[in-house]
Amino acid sequence: MARIVMKFGGTSVADLDRIKNVARHVKREVDAGHEVAVVVSAMSGKTNELVGWVQGTPKVVGANSPFYDAREYDAVVASGEQVTSGLLAIALQAMDINARSWQGWQIPIRTDNAHGAARILEIDGSDIIKRMGEGQVAVIAGFQGLGPDNRIATLGRGGSDTSAVAIAAAVKADRCDIYTDVDGVYTTDPRIVPQARRLKKIAFEEMLEMASLGAKVLQVRSVELAMVHKVRTFVRSSFEDPDAPGMGDLLNPPGTLICDEDEIVEQEVVTGIAYAKDEAQISLRRLADRPGVSAAIFGPLAESHINVDMIVQNISEDGSKTDMTFTVPSGDVDKAIKVLGENKEKIGYDVVQNESGLVKVSVIGIGMRSHAGVAATAFKALADKGINIKAITTSEIKISILIDGPYAELAVRTLHSCYGLDKN
Ligand code: ASP
Ligand code: MG
């Protein structure tokens, strides 16, 4: 017997038929004798609709203000998960399974006060553990918790992945299964590279890079949590027949296991290729090369909530002037240029240049820690295709390369095949 947390995303609970199908997945595990907690998202499209409603309401704080009360935003957008948790509990009861729904505040899942993008602080798993022990399935609304102000707080878009992993950690589950509309994590986006392979296993660190560098399978924070609490997490499909052979396999269910790197015996040098579109590059020319310039640039950008990614600074030739280039999401360029303009005196640069529509492609793999020449292979392969590199950053387990947007797909395909990731 095991304790399993099963999470179902929006497409998996998109309508009543899909919810019935989810109930069959749950029944399979219950019938096998496991203790089960289920975490659900809202029906696909629902959260967008709710967010749209909030954005369409009259603005309270002056006619042109984009702001609304974030606590009321949370009250509205958390409702999608309340609906699916109740509907799934009903569907389970209709199959003679003892089940009940739980809202975030009932458990409770305690969060901080950052309404709209709250972080989970603490989960009291005791009630759920007790009920599971009595054979009751807990159907938990994902994406929501209870803030210190005693009001509903949501965890940011895609947050029900994080709910699931956090609950798995809190109830000390043996496994957290994330059911979605794809059957696992692939070496790269199969829509771009049909030869992409499904990975059997991927290390937490690699998955964290994949998620933060553009792969959209899991919310980044959920991977961080899984890594910290060592929650063995499976990404698998809810669209397969719930009773197909192997679906209930306790140790090797179909899908991709995200796990500790020690569990991965045959470690490839490169595990996957990720890409992020809509990057923009900003360059400050002829900056004074003195202590404090970086702080003068990136401090005000951070205060304006502009997310800076790659940063490249030249070594100055004569020790007096240098250049600084960095990337931000394309949508933030105008804001960034404005902030830099306001701080021109303080920073002390000559001109600022920018370019949008760029793409960052990244090569990821724990194996590169112990292998030389991984970056050189990428540079040569891209050069052979005539793809120009605009900026490079590296870490122990990843190489990120900034290129012109129109070359994105060619670059992803090229990198995927140059590391032998294409399936035969
Ligand atoms: N329903 C929420 C969203 O669409 C949370 C989730 O699906 O993970 O962002
Ligand atoms: Mg999701």
Side-chain angles (χ1 to χ4, degrees), residues 5-15 18-19 22 25 37-55 70 72-88 101-105 107 109 111 114-120 123 139-147 152-169 176-186 189 191 207-208 210-226 231 233-239 255-256 258 274 276:
V5 171
M6 308 171 77
K7 184 258 166 177
F8 294 89
T11 50
S12 304
V13 293
D15 55 39
R18 304 267 353 136
I19 289 176
V22 163
H25 281 286
V38 187
V39 176
V40 286
S41 291
M43 293 178 176
S44 61
K46 193 66 198 175
T47 310
N48 287 344
E49 183 186 37
L50 296 168
V51 171
W53 286 349
V54 173
Q55 287 169 344
E72 304 305 352
Y73 165 95
D74 279 347
V76 175
V77 302
S79 66
E81 276 73 9
Q82 172 158 349
V83 171
T84 45
S85 61
L87 288 175
L88 179 57
S101 66
W102 294 83
Q103 306 310 304
W105 58 270
I107 293 177
I109 296 173
T111 71
H115 283 277
R119 294 184 85 94
I120 295 177
I123 297 180
V139 186
I140 302 165
F143 185 47
Q144 51 165 274
L146 185 64
I152 296 175
T154 62
L155 308 178
R157 298 306 305 273
S160 52
D161 294 333
T162 300
S163 308
V165 172
I167 288 160
C176 179
D177 287 2
I178 308 276
Y179 286 82
T180 176
D181 50 7
V182 292
D183 61 359
V185 180
Y186 279 71
D189 186 344
R191 287 168 305 183
M207 191 62 216
L208 193 55
M210 293 283 266
S212 18
L213 294 168
K216 292 200 174 59
V217 213
L218 290 177
Q219 199 198 33
V220 176
R221 206 173 286 167
S222 71
V223 186
E224 287 169 0
L225 265 188
V231 177
T233 304
F234 278 91
V235 175
R236 52 187 300 189
S237 168
S238 73
F239 285 72
T256 301
I258 310 169

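The analysis underlying the following values was restricted to heavy atoms, covering all of them including side chains, and did not include hydrogens, waters or symmetry mates. Indexing begins at 1, ligand by ligand and atom by atom, following the structure's order.
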Polar contact flag, side-chain donor to acceptor under 3.5 angstrom, Ser160-Ser41: yes
If I take atom [atom1] from residue [X] and atom [atom2] from residue [Y], how far apart are they, to the nearest 0.5 angstrom?
X: Ile123; Y: Ile107; atom1: CD1; atom2: CD1; answer: 7.0 Å
X: Arg191; Y: Tyr186; atom1: CZ; atom2: OH; answer: 12.0 Å
X: Gln103; Y: Ser79; atom1: CD; atom2: OG; answer: 10.0 Å
X: Leu218; Y: Lys7; atom1: CG; atom2: NZ; answer: 8.0 Å

Heavy atom of Glu81, distance to ligand 1 below 4.0 Å: yes
Gly9 to ligand 1, any heavy atom closer than 4.0 Å: no
Plane angle bin for Tyr179 and His25 - parallel if under 30°, tilted between 30 and 60°, otherwise perpendicular: tilted
Geometric N/O contact Gly158 with ligand 1, under 3.5 angstrom: yes
Sub-3.5 Å N/O-N/O distance, Lys7 and ligand 1: no
Options Ala141, Ser160, Ala42, Gly156, ranked by nearest heavy atom to atom 6 (C) of ligand 1, top entry: Ser160
Distance from atom 3 (C) of ligand 1 to nearest protein heavy atom, with residue and atom: Arg157 NE, 3.3 Å
Atom 7 (O) of ligand 1 [closest protein heavy-atom partner, distance rounded to 0.1 Å]: Ser41 OG, 3.1 Å
Residue part near ligand 1, for Lys46, under 4.0 Å between non-hydrogen atoms: neither
